[in-house]
2 protein chains.
Amino acid sequence: MEPEPSTGRTAALPGPCSRWPAEQGETIRQIIDRAGNKWAVLVVGSLHAGPLRYTDLLRSIPGVSQRMLTYTLRQLRRDGLVTRTAYPEVPPRVEYALTDLGETLLIAITTLIDWAGTHHDEIQENRARFDETEAAV
Amino acid sequence: MEPEPSTGRTAALPGPCSRWPAEQGETIRQIIDRAGNKWAVLVVGSLHAGPLRYTDLLRSIPGVSQRMLTYTLRQLRRDGLVTRTAYPEVPPRVEYALTDLGETLLIAITTLIDWAGTHHDEIQENRARFDETEAAV
DNA sequence: CTGTATCCACGGCGATACTG
DNA sequence: CAGTATCGCCGTGGATACAG
């Protein structure tokens, strides 16, 4: 891990753009890299009901590519938010599950989702109004 | 507003990549475009204490470019999260402030920030351990 | 002071092909 | 099934210059 240790161009995906001097925003960066990542949120959300296999995740999250699913799962494992369990069978079976820490994140995220749900309509109205008076230019 | 009405390449910034069929993830998208945006979060955070002028925001958010600050403020206004008040003086003075809706978002975000703060160390340890056993390959 | 317009480098990530 | 390796498009956002 850690940005670009390897041969090619994107062999191990480079960490997200973290180009600033570790000022106050660093904490924010942390959060955004977890909870502001669409795929990460969706994975954590999908795992809420219980463990899932790789392919199941792939299917339960429409639009995600293998590349990003693999990458996201790796990040989440690294942070200790999900666990990976491989069963020595054939064909191979691998299950991903939320850790306790992952559960707490899910709860925190849920707060935001609720907020979004609660104010979604209001925001839509605001936008419409804004765009209207805007277009009046 | 709305992606690319104008001449050049990025004249009015294009909306964030929203290339998927409005499935379940759409709600998530909404959230991420608000609370997952570094600058948006930082602006809302900076406005917590009270109204600020454009230049003050520019300074209180290290690393933000004029471009992004302007763009972010516009988005936030559009969503009804902040207000813009221009005073007809010379030199011109413009103040940005959180709306009530903006305050509620701030609260929701704060939950996440708290989560990050609480578990920051734990995550760091997890990462260190992961990278270590990882390097053992 | 408060923006707006333009240019363009960098890197995220989808698409695709291949391996154990 | 569960990944890994590569390629390349184009969105993102910094830098810069200019305007009201």
Side-chain angles (χ1 to χ4, degrees), chain A residues 1 3-21 25 29 32-33 36-40 42 51-59 61-75 77 84-96 134 137, chain B residues 1 3-21 25 29 32-33 36-40 42 51-59 61-75 77 84-96 134 137:
Chain A
M1 217 112 234
E4 294 300 80
S6 61
T7 41
R9 280 226 339 164
T10 325
L13 282 173
C17 162
S18 52
R19 79 165 78 266
W20 49 315
R29 248 292 153 228
I32 293 183
D33 287 346
N37 187 306
K38 181 173 66 172
W39 301 133
L42 289 174
L52 285 179
R53 306 176 56 165
Y54 184 82
T55 310
D56 292 335
L57 279 168
L58 209 52
R59 265 189 305 234
I61 305 175
V64 73
S65 62
Q66 281 201 5
R67 175 186 166 81
M68 286 320 289
L69 179 58
T70 300
Y71 176 64
T72 301
L73 285 171
R74 192 176 180 76
Q75 296 299 83
R77 281 208 295 142
R84 192 192 105 117
T85 315
Y87 298 89
E89 308 172 356
V90 40
R93 181 164 60 101
V94 177
E95 282 192 343
Y96 290 91
E134 187 73 356
V137 181
Chain B
M1 215 114 238
E4 295 298 81
S6 62
T7 40
R9 279 231 335 172
T10 326
L13 282 173
C17 163
S18 52
R19 80 163 77 265
W20 50 314
R29 248 293 153 227
I32 293 183
D33 288 346
N37 187 305
K38 182 173 66 173
W39 300 134
L42 289 173
L52 285 178
R53 306 177 55 166
Y54 183 81
T55 310
D56 293 334
L57 280 169
L58 209 52
R59 263 188 309 232
I61 305 175
V64 73
S65 62
Q66 282 201 4
R67 175 188 165 82
M68 286 320 289
L69 179 56
T70 301
Y71 176 64
T72 301
L73 286 171
R74 193 178 179 75
Q75 296 298 81
R77 282 208 295 142
R84 192 193 106 118
T85 316
Y87 299 89
E89 306 173 357
V90 40
R93 181 164 60 100
V94 178
E95 282 192 344
Y96 291 91
E134 187 73 356
V137 180

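Keep in mind that the numbers below use all heavy atoms, side chains included, and drop hydrogens, waters and symmetry copies. None of these values were measured; they are calculated from a predicted model. Chain naming here is simple, since letters A, B, ... match the order of the sequence lines and numbering starts at 1 in each.
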Q: Quick one: closest heavy-atom pair of A/Leu58 and A/Gln66, and the distance?
A: CD2-CG, 3.9 Å

Q) Once you round it to whole Å, what is the distance between C1' of C/dA5 and OH of B/Tyr71? A) 16 Å

Q. Atom CG of A/Leu57 and atom C1' of D/dA2: how far apart are they, to the nearest Å?
A. 12 Å

Q: Take the protein atom CE of B/Met68 and the nucleotide atom P of D/dT16, then report the distance between them rounded to whole Å.
A: 17 Å

Q. With sequence neighbours left out, what residues match B/Arg93 under side chain to side chain contact (heavy atoms under 4.5 Å, CB included)?
A. B/Arg53, B/Tyr87, B/Glu89, B/Glu95

Q | Interatomic distance, B/Glu89 CD vs C/dC1 P [rounded to whole Å] | A | 13 Å

Q) Expressed in angstrom and rounded to an integer, what is the separation of A/Lys38 atom NZ from C/dC13 atom C1'? A) 10 Å

Q | Nearest-angstrom distance from the residue atom CG of B/Leu42 to C1' of D/dG13 | A | 15 Å

Q: Apply side chain to side chain contact (heavy atoms under 4.5 Å, CB included) to B/Leu73 and list each qualifying residue two or more places apart in sequence or on a separate chain.
A: B/Val43, B/Tyr54, B/Leu57, B/Leu69, B/Tyr96

Q: Examine D/dT4: is either OP1 or OP2 under 4.0 Å from a nitrogen or oxygen in the side chain of A/Tyr54? Give yes or no.
A: no

Q. Quick one: B/Leu69 CG to D/dG13 C1', roughly how many Å, whole number?
A. 13 Å

Q: Can you figure out which of D/dG3, C/dC1, D/dC1 approaches the side chain of A/Gln66 most closely?
A: D/dG3

Q.
Over all strands shown, is A/Thr70 touching base, sugar-phosphate only, or nothing at heavy-atom distances under 4.0 angstrom?
A. base

Q) Does the C/dT4 base have a donor-acceptor partner in the side chain of B/Arg74 within less than 3.5 Å? A) no

Q: Using atom CG of A/Leu58 as one end and atom C1' of C/dA15 as the other, report the distance to the nearest whole Å.
A: 13 Å

(Q) Which heavy atom of A/Leu52 sits nearest to which heavy atom of A/Asp56, and what is that distance? (A) CD2-CB, 4.1 Å

Q: With the side chain of B/Arg67 defined as its heavy atoms from C-beta on, choose the nearest nucleotide among C/dT6, C/dT2, D/dG3.
A: C/dT6

(Q) Between B/Arg53 and C/dT2, is there a contact of a side-chain N or O with OP1 or OP2 at under 4.0 Å? (A) yes

(Q) On DNA chain C, does the nearest nucleotide to A/Ser65 precede the nearest nucleotide to A/Pro92 from the 5' side, or the other way round? Give the residue. (A) A/Ser65

Q) Which nucleotide in the list D/dG3, C/dG14, C/dC1 gets nearest to the side chain of A/Tyr96? A) D/dG3

**Q.** Distance, nearest 0.5 Å, that separates CH2 of A/Trp39 from OG1 of A/Thr70
**A.** 13.0 Å

